[in-house]
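Below, read A as the first sequence line, B as the second, and so on, with proteins coming before strands; counting in each chain starts at 1. Note that the coordinates shown come from a computational prediction; the quantities given were computed from them, not determined experimentally.
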Amino acid sequence: MSLTTPIAQALCAALELGPGQAGEIERLLSTPPNLALGDFAFPCFQLARQLRSAPPKIAAELAAKIPTGGLISRATAAGPYVNFFLNRTAATRQVIGAVRTAADRYGASDDGAGRTMVVEFSSPNIAKPFHFGHLRSTNIGANLARLFEFAGWQVVRRNYLGDWGTQFGFVIYAWRRWGDEAALAARAIDYLVELYVRAYRESEQDPSIRDQARELFRRLEQGDAEIVPLWQKFRELSLAGFVRTYTRLAIGFDNFDGEAAASRNMDAVIRRFVTAGVAVESEGALVVPVADVIGRDIAPLMLRKSDGASTYAARDCAEAIERYSRYRFDGNIYVVSRQEDYFAQLFVALSKLGKAEGWPVDWPALCQNVSFGFVRGMSTRKGEAVWLEDVLDEARDRARRVREEKSAANPRSFPVLPTAELDAIGEGVGQAALLYFDVSSRRLSDVSFDWDTVLQFEGNTGPYLQYAHARMCGIFRRAGEQGLAAGDAPAAAVADEEWALVLCIREFPSAVQRACVGREPHEISRYLGSLASAFNGFYNNHMVLDPADPGTSAGRLALVGASRTVLANGLRLLGIRPLEVM
RNA sequence: GCGCCUGUAGCUCAACGGAUAGAGCACCGACCUUCUAAGUCGGGGGUUGCAGGUUCGAUUCCUGCCAGGCGCGCCA
């Protein structure tokens, strides 16, 4: 039972409402701005009209009718609010018990039980650099995938590689003209990017290069025996590079089928659009009009260009159809930035086909584009682009250096560590700084890349969270040495800092839910920041371990244990490793 | 022209339609002979882009401006 349920029930009784309305009352409860005012608040504004009375008067009358005892220790009116104070000891016992019971499933749910969610994310372009900006889709998608799994969904992670299209013509053109096996073997993906950039730049002076690139891509599409093996080789090399980066970020995919795979069914899908009468000829191209459905001036979805070449849109249609027939998904998320119009066109076009062909399920309505903000300061043209691998390396090195400096300055708190452990901590802390930076603003805000901000380890950062976790683990290690063990509830009166921590722990499941509903991983980072802050407040004001007082120690250890469980669960949702030693 | 997104402290960002708009960074000061100081506490800092509207109440919702970013039939 939730802490707020008894409050809602008491309010229902006082208002002479039926028990069926307790849920509605419970949703109206809010949190006072500070603990001194109360633990939960009921605003009386909305009742004023029905009861024909002033909110403060209603609040005063209600407060007088709330029976105390059980979880509720006191109810007082404060202006238009009825503020509730809980029995801290009983409530703390309840919250800690809930965390212990659920353990690493605390915060999880079965909301998505029996349903499948496809998350398409990262989707790098093989002929283009994988720079820091690509972390956005990659991280948001990975976070959403973990969140939906935590909420009970069956999740499919799709990396829709940009492995097809004219850009491959450029790469192949460059390879045939300047290609060097040794350089390819040594630098793989970086070298391919250089080749692409060189060919593309020269094509701006010499348009015939563009024509040759198009011709090479046409030969690739036709399965030319000389070209196809090159494409396969380049694709494999690039993919291997991406996978190395993904591994460092602890991100995995179920499937890497990209545009090349989608193009296999493309012609058949285009024929279906034509046969169904959904696609029409326009200015020599084949398009699906969507303005009639969307209701404004918007371009049609183009399936085939006037020169007869297919478009990425046709491949996306084919891929979506294939995807639904394979997974029968209940949700399909595309983590792609700033393409809202395009996805609107895509989903409407597919819906039209569905209506014309009489599909039993209007699954295009289950598809959603999850957009996100732009990373500023990452322009390839201006030469600002920063490779993600380089940022990871720098983060790791700095984290390692910071730890070494701490050992030198304060060996008592930061004992000198074996090299292997130092390396692991560096990698973990660096990765945490990066991943947390990425989710520390809302999905749709633009973010600025700045080395010092990204690699910051103090304040509201990934390392700050890991540090709190390491401290919790340190307390348990020390407790073991002193022969102290956790109890199941506080032994004495619950102090403000302990109580604030308990209330924060209780909030985790609703933070997870908000993150899922809003497709907003930032909810988790924000929550964890407040949790770590609450813990540090507690930590700095109360000694957990006191061999002379095993009772108090046991109660506080229980609280630290619950905090650690929640912090670790949250960190894992963000893909950050909860470190035991820092 | 048609659309989407964003304007909050010097900077980076928060704030279920609710009480005095909060954190971090930076700056100034305090705290390690007690569990990790990557921490904690205090201080200065704000006309929430502008103007209307809805509401008991608007940073939040609606309309119009202003500013910035991004996307719009033959790039993907």
Next on the checklist: Does A/P32 reach a base, just sugar-phosphate, or nothing at all? Heavy atoms under 4.0 Å.
Outcome noted: base
Item to check | d(CG, A/L301; C1', B/C72) in whole Å | outcome: 13 Å
Checklist entry - To the nearest angstrom, how far is A/L417 atom CG from B/U36 atom C1'? => result 11 Å
Checklist entry - Across the strands shown, which category fits A/S445 at heavy-atom distances under 4.0 angstrom: base, sugar-phosphate, nothing? => result sugar-phosphate
Next on the checklist: Taking the C1' atom in each of B/A21 and B/G57, what is the distance between them to the nearest angstrom?
Outcome noted: 15 Å
Item to check | Opposite nucleotide pairing with B/G73, Watson-Crick or G-U, both atom distances under 3.5 Å | outcome: none
Checklist outcome for this item: Residue pair A/F374/A/D446 against RNA chain B: nearer the 5' end by closest nucleotide is A/D446
Next on the checklist: Students often mix this up, so state it plainly: with edges at 30° and 60°, are the rings of A/F414 and A/Y467 parallel, tilted or perpendicular?
Outcome noted: parallel
Item to check | Ring center gap for A/F40 and A/F84 short of 6.0 angstrom | outcome: no
Item to check | N/O (side chain, A/R471) to phosphate O (OP1/OP2, B/A37) under 4.0 Å | outcome: yes
Item to check | Under 4.0 angstrom between A/N540 side-chain N/O and B/G39 OP1 or OP2 | outcome: no
Next on the checklist: Walk me through whether A/D341 and A/R296 qualify under salt bridge (charged side-chain N to carboxylate O under 4.0 Å, His left out).
Outcome noted: CA-CA 11 Å; A/D341 275 4; A/R296 64 179 165 86; 3.0 Å; yes
Checklist entry - According to a strict under-4.0 Å criterion, is A/R304 in side-chain N/O contact with OP1 or OP2 of B/C74? => result no
Item to check | Value in whole Å for how far the C1' atom of B/G68 lies from CZ of A/R338 | outcome: 11 Å
Checklist entry - Hey, does the side chain of A/Y464 come within less than 4.0 Å of B/U40's phosphate (OP1/OP2), counting only N and O? => result yes
Checklist entry - When rounded to the nearest Å, what value does the distance between P atoms of B/C61 and B/G43 take? => result 32 Å
Item to check | Complementary nucleotide of B/G68, counting Watson-Crick and G-U pairs under 3.5 Å | outcome: B/C5
Checklist entry - With a 4.0 Å cut-off on heavy atoms, is A/P300 in touch with a base, just the backbone sugar-phosphate, or nothing at all? => result base
Checklist entry - Hey, what's the ring geometry for A/F535 with A/Y539, parallel, tilted or perpendicular (30° and 60° as the breaks)? => result tilted
Checklist entry - What does B/A51 pair with, Watson-Crick or G-U, if both distances are under 3.5 Å? => result B/U63
Item to check | Residue closer to the 5' end of RNA chain B, A/N83 versus A/N541 (nearest nucleotide) | outcome: A/N83
Next on the checklist: Students often get this wrong, so: under 4.0 angstrom with heavy atoms, is A/D341 touching a base, only sugar-phosphate, or nothing?
Outcome noted: base
Checklist entry - Within less than 4.0 Å of OP1 or OP2 of B/A14, is there a side-chain N or O belonging to A/S525? => result no
Next on the checklist: Whether A/Y539 contacts B/A37 is assessed here as follows: a side-chain N or O lying under 4.0 Å from the phosphate OP1 or OP2. Is that the case?
Outcome noted: yes
Checklist entry - When we call it a touch if two heavy atoms are under 4.0 Å apart, what does A/I298 touch: a base, just sugar-phosphate, or nothing? => result nothing
Item to check | Sugar-phosphate, base or nothing in reach of A/H542, heavy atoms under 4.0 Å | outcome: base
Next on the checklist: Rounded to whole Å, please give me the gap between CZ in A/R296 and C1' in B/G3.
Outcome noted: 4 Å
Checklist entry - When all nucleic acid strands are considered with a 4.0 Å heavy-atom cut-off, which category describes A/V581: base, sugar-phosphate, or nothing? => result base
Checklist entry - For the residue pair A/Y334 and A/F343, does the interplanar ring angle fall in the parallel (under 30°), tilted (30 to 60°) or perpendicular (over 60°) class? => result tilted
Item to check | Watson-Crick or G-U wobble partner of B/C11, both distances under 3.5 Å | outcome: B/G24
Checklist entry - Rounded to whole angstrom units, what separation is found between the CD atom of A/Q345 and the P atom of B/G71? => result 15 Å
Checklist entry - Across the strands shown, which category fits A/A470 at heavy-atom distances under 4.0 angstrom: base, sugar-phosphate, nothing? => result base
Item to check | C1' atoms of B/U48 and B/C66, separation to the nearest Å | outcome: 16 Å
Checklist entry - Just checking A/Q466: base, sugar-phosphate only, or nothing, at a heavy-atom cut-off of under 4.0 Å? => result nothing
Checklist outcome for this item: Atom CD of A/E340 and atom P of B/G71 are separated, to the nearest Å, by 11 Å
Item to check | Ring geometry between A/F168 and A/W231 (parallel below 30°, tilted from 30 to 60°, perpendicular above 60°) | outcome: perpendicular
